[in-house]
There are 2 protein chains.
Amino acid sequence: MSDDLRARLRGKGYRLTPQRELVLRAVEKLRHATPDEVYAEVHADSSAVNISTVYRTLEVLEELGLVKHAHLTDRAPTYHAVDDHEHFHLVCRNCHGITSVDPTVIAAGTQRLRDEYGFEPDLGHLAVFGECAQCRAEREENTQS
Amino acid sequence: MSDDLRARLRGKGYRLTPQRELVLRAVEKLRHATPDEVYAEVHADSSAVNISTVYRTLEVLEELGLVKHAHLTDRAPTYHAVDDHEHFHLVCRNCHGITSVDPTVIAAGTQRLRDEYGFEPDLGHLAVFGECAQCRAEREENTQS
DNA sequence: TTCCATGCAAACACTTTGCACCGTG
DNA sequence: CACGGTGCAAAGTGTTTGCATGGAA
């Protein structure tokens, strides 16, 4: 487990450190987490990791392809582990709820982007903003103009 | 022209000011601009507008539906005028080039999001990250392993 | 023993806020 | 002339960097 991580790191001249392992485990555990949340999670395990190390580590892990980030809010980016099956996100502007969606749902469109624009989309990074079913329903109830 | 803006503002109890008009014109002229870029553009016309007023004004204009923002970089948001025909963006991770795409290209997928998830996507805010045709070609050239 | 990695603190980039004054309606 | 808007400066977030020390290989 940790040997795989070590091998990946070594492949690019990096070293395996306790901090790097802790950060990766935190991202895997939290599923979707901002750097701050990763920092908090790692701190919970007492053996503190500095916030700047969290940032530096997330950068390294992303370079290795072990984590990815997407912008699910107007503020901080959200990181998730890559070994989860690839997915993109629906983000509700109103309730801020997040729904993970399988890429096949928009496969027709992504294929056209490839065919017609030569563009290879990175779906793991994709966040589609809008309004979720529940918030639409609630809003329509209150809109009896 | 400016009367339409005045009317829209008044409808929500806001006032028409020179600053608000300048900011809106700047967004229309620049097409895709960060708050900083809007600030610079408005400053070019000498009659300075404070940076905090730029932020406050963009917020108001967005509330009125006259402008929209999308996250085309990891840093500042990008604003564009809404009277442009609606479009979403392809952003190349490598060269940072931006391509505007008509929503019909991904219509099949957005329809499925509506049908299967009840989710109403806001395409004006959508940014699809990935790699553009040119950068793919260049990379493949250099990858003769 | 060599470098890469870390902690710390300071610097940065971007955005928001409090308050006195200004100007639209 | 009332009340919303602006400028200014200061404070807030989120992120990055320089440098001395620490520790993996």
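Chain identifiers are assigned alphabetically (A, B, ...) following the order of the sequence lines, protein sequences preceding nucleic acid strands; residue numbering begins at 1 within each chain. Side-chain atoms are counted along with the backbone in the values below, which use heavy atoms only and exclude waters and symmetry mates.
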Worksheet item: Please walk me through it: do A:L5 and A:L66 pass side chain to side chain contact (heavy atoms under 4.5 Å, CB included)?
Response: CA-CA 9 Å; A:L5 176 55; A:L66 293 172; 3.7 Å; yes

Fill in: Step-by-step side chain to side chain contact (heavy atoms under 4.5 Å, CB included) determination, A:L9 to A:V60
CA-CA 9 Å; A:L9 285 164; A:V60 168; 4.0 Å; yes

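Using a distance-only test at 3.5 Å, with no hydrogens or angles considered, a donor-acceptor pair links the side chain of A:R20 to the main chain of A:R15. Of the possible donor and acceptor atoms, one in the side chain of B:E37 sits under 3.5 Å from a partner among the backbone N and O of B:T34.
Contacts of B:R75 classified as salt bridge (Lys or Arg N to Asp or Glu O under 4.0 Å), with partners at least two apart in sequence or in another chain: none. Legend: residues meeting salt bridge (Lys or Arg N to Asp or Glu O under 4.0 Å) with B:E62, ordered by chain and number and at least two apart, are absent.
Applying the side chain to side chain donor-acceptor pair (under 3.5 Å) definition to pairs two or more places apart or across chains, those involving residues 111-121 of chain B are B:Q111-B:R114, B:Q111-B:D115, B:R112-B:E116, B:R114-B:E120. Listed by first then second residue, pairs satisfying ring pair (Phe, Tyr, Trp, His ring centres under 6.0 Å) with a partner in residues 89-113 of chain A read A:H32-A:H89, A:H80-A:H89, A:H87-A:H89, not counting sequence neighbours.
With rounding to whole Å, A:L64 atom CG is found 15 Å from C:dC4 atom P. Per the geometry, CG belonging to B:L5 stands 14 Å off C1' belonging to D:dG5, to the nearest Å. Rounded to whole Å, atom P of C:dC14 lies 13 Å from atom OH of B:Y79. Atom CG in A:D74 sits roughly 22 Å away from atom P in D:dG12 (whole-Å rounding). For B:K12 and D:dG5, the NZ to P distance is 13 Å, given to the nearest whole Å. Between the P atom of D:dG14 and the NE2 atom of A:H71 lies a distance of 14 Å, rounded to the nearest Å. Taking atom OH on A:Y39 and atom C1' on C:dT6, their separation rounds to 13 Å, with Å as the unit. In this structure, NE2 of A:H69 is placed 13 Å from C1' of D:dG14, rounded to the nearest angstrom.
An angle of 40°, rounded to 10°, separates the two end axes of the helix from C:dT1-D:dA25 to C:dG25-D:dC1, each defined over five pairs.
Contact annotation: A:N50 side-chain N/O to C:dC8 OP1/OP2 distance is under 4.0 Å. A close approach under 4.0 Å does not occur between any side-chain nitrogen or oxygen of A:Q19 and OP1 or OP2 of D:dG23.
Note on A:E28 versus A:R25: salt bridge recorded, some NZ/NE/NH1/NH2 to OD/OE distance being below 4.0 Å.
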Worksheet, complete the sentence: Its contact letters, B for base, S for sugar-phosphate only and - for none at protein heavy atoms under 4.0 Å, make nucleotides 16-25 of chain C read BBB----BBS

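Across the interface with DNA chain C, nearest-nucleotide mapping of B:A76 and A:T53 shows A:T53 to be the residue nearer the 5′ end.
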